[in-house]
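Worksheet: one structure, shown below.
Note that the numbering runs from 1 along the sequence shown for the chain.
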Amino acid sequence: MDPLFFILAGAGALALATSLRILKEYERAVVFRLGRARPTRGPGLIFLVPFGVERMERVSLRIIAMDIPPQDVITRDNVSVKVNAVLYFRVANPRRAILEIEDFLFATSQLAQTTLRSVIGQAELDEVLAEREKFNQILRDIIDQGTDAWGIDVTGVEVKDVDLPNEMKRAIARQAEAERERRAKVINAQGELQAASNLRDAARQLSEYPASLQLRFLQTATEIAAENNSTTLFPLPVELGPMAGLFKGFATAADEAAAAPAPVDERALEGSEGAPQLPRAEAAEDVSEGAGEAEAVTRERDAAG
C-alpha cells in the first residue's frame, strides 16, 4: 500500500484525538479560535479544530469555598485584632470570568482581604463581637458588587474568628466577671425582698390566729428533738396560748411588787428631827404588845426544853 496513505491516516487519527474534549456537567469551555473568543461550549463531548486552531479554557460552575487569611486590623476604638473569614462564590458567566480578569480566583481573594480589613476597621470591637451577621451581610454586598463585572456571584461571607490580644482578653474577662457579680447581688437583693414580704405576711396571719403560733413552735421542737440533741434552748418570752397568760401574771405581780413603797419604821423615826411624833398612848400600847409577844415566845421555848 502507499505509505502516504498511512501517513495521512495517522495524522487524521491524531487530529481527531486532540480535537475531542469531554466536559463534565458542572464545567464549561471558553473557546478561542485563532485568538478570538467563540461561544461557550459544554457540557458533554465537544469538538475543537485541531492543530492549535481552536483552544479552550475550562471553567467550573460549582460553588468555591475560599479561605481568607487572617488580617491584622485596627478597629475604630484602637484595638488590634486578627480576623479571618471564608468566602463562598461561583462563576455565573464563564466568558466574562476569563475575558475580564486574568485570574479570577486570585483577584477575588485579594478583593475579599481588602474588603475585610476595610469593613472591620470602621467598626468597634464590641460591634464586631456581637453583630457578626451584620458584618457578614456588609462584606457579601461589597464583594459581590466588586466581582459582578467579572461574572462572579458571591453567595456568602462568614467571619470565622476574631483573635484578640491577651490583655484585651483579660479585660473582657474582668468585665464579664463584674457583670455577673452585679447580677448576683441584684438577684440576692430581690430574694431578700421577697423573703421579707413573705415573712411579713406570715407574721400578720399568725397574729390573727394565736393557736397557729403554738403549733408552729411544737413542730420546731419536734424537729429539734429528732436530731438527738442533749440540750434544747427555748427562746423567751414564748407565746404559747394559755401559758402566755401565766407568764403575763408573773410579770404583772413582779411589776406591782417593784412599784409598792417600802415599809417605814415609825418608831425609828420618833427620835429623828422633823419626823412626825406618835401619841404617847399609842406608843405605850405598841411597847406592851411587843413585851407580851416576847414573853409568849420565852414560855414556849421553856416548855419545849
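- Residues meeting the salt bridge (Lys or Arg N to Asp or Glu O under 4.0 Å) test with E131, sequence neighbours left out: K134.
- Other residues, nucleotides and ligands contribute over 12 non-hydrogen atoms within 6.0 Å of the CD atom of E179.
- In this structure, R204 places its CZ atom where more than 12 heavy-atom neighbours from other residues, nucleotides or ligands lie under 6.0 Å away.
- Two residues are said to be in side-chain contact when any heavy atoms from C-beta on lie closer than 4.5 Å; L20 and F47 meet this criterion.
- Both L105 and I143 belong to a single network of hydrophobic side chains, linked directly or stepwise wherever heavy atoms of I, L, V, M, F, W or Y lie under 4.5 Å apart.
- In this structure, the salt bridge (Lys or Arg N to Asp or Glu O under 4.0 Å) partners of E127, at least two apart in sequence or on a different chain, are R76.
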- Task: Show the numbers, then the answer: is there a side-chain contact (heavy atoms from CB on, under 4.5 Å) between V83 and D161?
- Result: CA-CA 6 Å; V83 184; D161 187 23; over 6 Å; no
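- Taking R55 as the reference, nothing meets the salt bridge (Lys or Arg N to Asp or Glu O under 4.0 Å) condition, with sequence neighbours excluded.
- At most 12 heavy atoms of other shown residues, nucleotides or ligands fall within 6.0 angstrom of atom CD in Q145.
- With sequence neighbours excluded, no residue satisfies salt bridge (Lys or Arg N to Asp or Glu O under 4.0 Å) with D77.
- L116 CG to I138 CD1: the interatomic distance, rounded to the nearest 0.5 Å, is 12.0 Å.
- Under the 4.5 Å side-chain heavy-atom criterion for grouping Ile, Leu, Val, Met, Phe, Trp and Tyr, V73 is connected to M168 within one hydrophobic cluster.
- The same ILVMFWY cluster, assembled from side-chain heavy atoms under 4.5 Å apart, contains both V49 and L34.
- Checking side-chain atoms of R38 against main-chain N and O of E54 turns up no donor-acceptor pair under 3.5 Å.
- Remark: L129 engages L125, V162, L164, I172 in a side-chain contact (heavy atoms from CB on, under 4.5 Å) (not counting sequence neighbours).
- The shortest non-hydrogen separation linking V30 to P94 is CG2-O, 3.7 Å.
- Applying the side chain to side chain donor-acceptor pair (under 3.5 Å) criterion to T115, with sequence neighbours excluded, gives no partner residue.
- Remark: I187 CD1 to R180 CZ distance equals 10.5 Å, nearest 0.5 Å.
- Proximity of a side-chain donor or acceptor of E158 to a complementary backbone N or O of G156 within less than 3.5 Å is not detected.
- Counting only residues at least two apart or in different chains, side chain to side chain donor-acceptor pair (under 3.5 Å) contacts with residues 90-111 comprise S109-Q113.
- Other residues, nucleotides and ligands contribute at most 12 non-hydrogen atoms within 6.0 Å of the NZ atom of K82.
- Scanning all heavy atoms of the two residues, the minimum distance from V91 to A97 falls at CG1-CB, 3.8 Å.
- Counting all heavy atoms, side chain and backbone alike, A37 lies closest to L99 at CB-CD1, 4.2 Å.
- Contact check on E181 versus K185 returns no salt bridge, with no Lys/Arg side-chain nitrogen under 4.0 Å from an Asp/Glu carboxylate oxygen.
- When side chains are defined from C-beta on, L45 does not count as touching R21, because their heavy atoms never get closer than 4.5 Å.
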- Message: With side-chain contact (heavy atoms from CB on, under 4.5 Å) as the criterion, how do V81 and T75 come out once you've worked through the C-alpha distance, each side chain's angles and the decisive distance to 0.1 Å?
- Response: CA-CA 8 Å; V81 297; T75 60; 4.1 Å; yes
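- In this view, R170 and N166, E167, R174 satisfy the side-chain contact (heavy atoms from CB on, under 4.5 Å) rule, not counting sequence neighbours.
- Within the 3.5 Å criterion, the main-chain N or O of V159 finds a donor-acceptor partner in the side chain of N136.
- Remark: I101 engages F104, A107, W150 in a side-chain contact (heavy atoms from CB on, under 4.5 Å) (not counting sequence neighbours).
- Of all non-hydrogen atoms in I46 and A29, the two that sit nearest each other are CD1-CB, 4.0 Å.
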Run the side-chain donor-acceptor check on residues 56-68: report pairs under 3.5 Å with partners two or more places apart or on a different chain.
unit_1 : atom_1 : unit_2 : atom_2 : d
R58    : NH1    : I22    : O      : 3.4
R58    : NH1    : E27    : OE1    : 2.9
R58    : NH2    : I22    : O      : 3.4
S60    : OG     : R62    : N      : 3.4
D67    : OD1    : K160   : NZ     : 2.9

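- Atom-to-atom distance recorded for Y88:OH and T155:OG1 is 8.5 Å, nearest 0.5 angstrom.
- Q122 pairs by the side-chain contact (heavy atoms from CB on, under 4.5 Å) definition with S118, not counting sequence neighbours.
- You'll find the side chain of I98 reaches within 4.5 Å of the side chain of F32, heavy atoms only.
- Counting only residues at least two apart or on different chains, no salt bridge (Lys or Arg N to Asp or Glu O under 4.0 Å) pair has a member in residues 136-145.
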